[in-house]
4 protein chains.
Amino acid sequence: MAGSVNKVILIGNLGKDPEVRHLENGVVVANFSIATSETFTDKNTGQKREITDWHNIVVWRGLAKVVESYVKKGMKVYVEGKLKTRSWQDEQKNTRYTTEVVADNLTMLTRAEPATNQSENQYPKSIEENKSQPMTQSIQPEEEDDLPF
Amino acid sequence: MAGSVNKVILIGNLGKDPEVRHLENGVVVANFSIATSETFTDKNTGQKREITDWHNIVVWRGLAKVVESYVKKGMKVYVEGKLKTRSWQDEQKNTRYTTEVVADNLTMLTRAEPATNQSENQYPKSIEENKSQPMTQSIQPEEEDDLPF
Amino acid sequence: MAGSVNKVILIGNLGKDPEVRHLENGVVVANFSIATSETFTDKNTGQKREITDWHNIVVWRGLAKVVESYVKKGMKVYVEGKLKTRSWQDEQKNTRYTTEVVADNLTMLTRAEPATNQSENQYPKSIEENKSQPMTQSIQPEEEDDLPF
Amino acid sequence: MAGSVNKVILIGNLGKDPEVRHLENGVVVANFSIATSETFTDKNTGQKREITDWHNIVVWRGLAKVVESYVKKGMKVYVEGKLKTRSWQDEQKNTRYTTEVVADNLTMLTRAEPATNQSENQYPKSIEENKSQPMTQSIQPEEEDDLPF
DNA sequence: TTTT
DNA sequence: TTTT
């Protein structure tokens, strides 16, 4: 179909570290999920309540490598991409559907630190060295809080 | 969580007429799906191929009434809303998930004609006359209140 | 500055045919403006009124060539791009500012017909025939290549 | 015109504290500007360069009151709104144009501290105490009514 | 599973 | 005028 648009814009925090796979052909894929939330007033109780939505994000190739190196649990990110629903077979041979956001733009809104498999902060030296490397392409770290006003 | 954004922007065509339900409390809900597509070149064959994605749209209340009256199969619409994934139980008591776009803004990009139950094109005269009228204006939701999505 | 986003999404109709320039270095630039409008109720008179906003669009290179060939006065287009404000000197040597949308994505929402210099509707037959052809496909910037999502 | 869309999405930092005016009819308006930037490689020198764009933001009513209380110089914000160009007369009676983003949604991406008139960091004690409070939640406009932009 |  |  001609003349269509498919665009998703999200800002949210990662619930876990990304899962990164290096495919046999050398292509890299990263998956992670981010939470957004909204507050509303419960009609019955009059109380404020918060609803959290979780969004599955997929990134490919160069962007996946950046995610592998810099994006991790708890960080806030801006994600721009397309909605894609893919089908798969479950164990009972039912067709099931999963909707994901295939991101083609990602900006970190939290200060970046190199991601590690040991997310409990025991960085090996090689990762420390990454700290002094320039950031890859359009993706840059960002200071979110503690501004010196 | 503070500081999150959840926004989807789609332009696509309806595959079928919307399904509209009038709930017992008087609230109206409309569901429909729209297709977006993108073309890409198949790496192996060098051929152009088209991938179509289908998106489930939900609209509530006043916007649902407009959909009921004016939006139907084949029309192209602009939809703006939020990504929501809801869980439900299938017959085998498995938890399953469906992702939808809950729209809070909808603009018809095809000239509107009143929707009918006879979507097979037997328009009464008054509707034929509408064909020469200018396109219906942009539609906004009348309220943004505590919705139980 | 890291972590910034600059995005504009417009759907509107062209007021005039685009102006296209071929620069000495071979680069092509196209300029055109599109109108969006919104209706509101005048507080004093209770009357519905419509406000029209005009937006200056700039497209470069391959996208400008497509605009040159297919986009013309009256067509409805989807435009996605960045806000840019540039300064210039008027005749009295005052610094003045013009804000434009530099588009990197453009989709025709009106059935495309090849643009002509005779925009006053004296279409040669070959263009009339185009009227029955399916809408021209979505136009993407050059860098969107064969991705196997 | 029917079927139009006018949407701007920005993430950037405020260059100065907002200017807030309380109009005679009680309506509040806030103006501020935010910077976005992008980096690119200079074709001639091969050097990385950064271009900063400044965007004029206007917010009305309830949202302006929140800006008055919480948003200030240096903070990073998400802004969603409409592009509006208004004309005015300069001293030489030339018609000039200014383009602004009239925001209807604003989310602080920096931890909020109450704005003060003394923006030179002489916080009274009560405001220091506020520093330990959680970030203000996402801010929505309380109404979308007949605005005289 | 995140975040305030 | 911001930010890194």
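Small disclaimer: the values here were computed from a predicted structure and weren't measured. All chains are named by letter (A, B, ...) in the order of the sequence lines, taking the proteins before the strands, and each is independently numbered beginning at 1.
Rounding to whole angstrom units, OH of residue A/Tyr78 and P of F/dT3 are separated by 22 Å. Atom CG in D/Asp17 sits about 14 Å away from atom P in F/dT1, given to the nearest Å. Rounded to whole Å, the distance from NZ on A/Lys76 to C1' on E/dT2 is 9 Å. Rounded to an integer number of Å, the gap from OH of D/Tyr70 to C1' of E/dT4 is 14 Å. In this structure, CG of D/Asp53 is placed 16 Å from P of F/dT2, rounded to the nearest angstrom. Distance D/Leu14 CG to F/dT1 P: 15 Å, rounded to the nearest Å. In this structure, A/Ile11 places its CD1 atom 17 Å from P of E/dT3, rounding to the nearest Å. Atom CG of A/Leu109 and atom P of E/dT3 are 15 Å apart (whole Å).
Take A/Asp90 and apply the side chain to side chain donor-acceptor pair (under 3.5 Å) test, not counting sequence neighbours, and it matches A/Asn94, A/Arg96. Evaluation of the side-chain contact (heavy atoms from CB on, under 4.5 Å) rule for C/Thr98 yields C/Asn56, C/Arg86, C/Trp88, C/Glu100 as partners, not counting sequence neighbours.
Here the side chain of A/Ala35 is nearest to one of F/dT2, E/dT2, E/dT1, namely E/dT2. Comparing F/dT1, E/dT2, F/dT2 against the side chain of A/Thr52 picks out E/dT2 as the nearest.
Aromatic stacking is marked for A/Trp54 over E/dT1, as both cut-offs hold: 5.5 Å for the centres and 30° for the planes.
With salt bridges taken as basic N to acidic carboxylate O contacts below 4.0 Å, one links D/Asp42 and D/Arg49.
The base of F/dT3 does not come close enough to the side chain of D/Ser37 for any donor and acceptor atom to sit less than 3.5 Å apart.
A/Ser33 and A/His55 share no side-chain donor-acceptor pair at under 3.5 Å.
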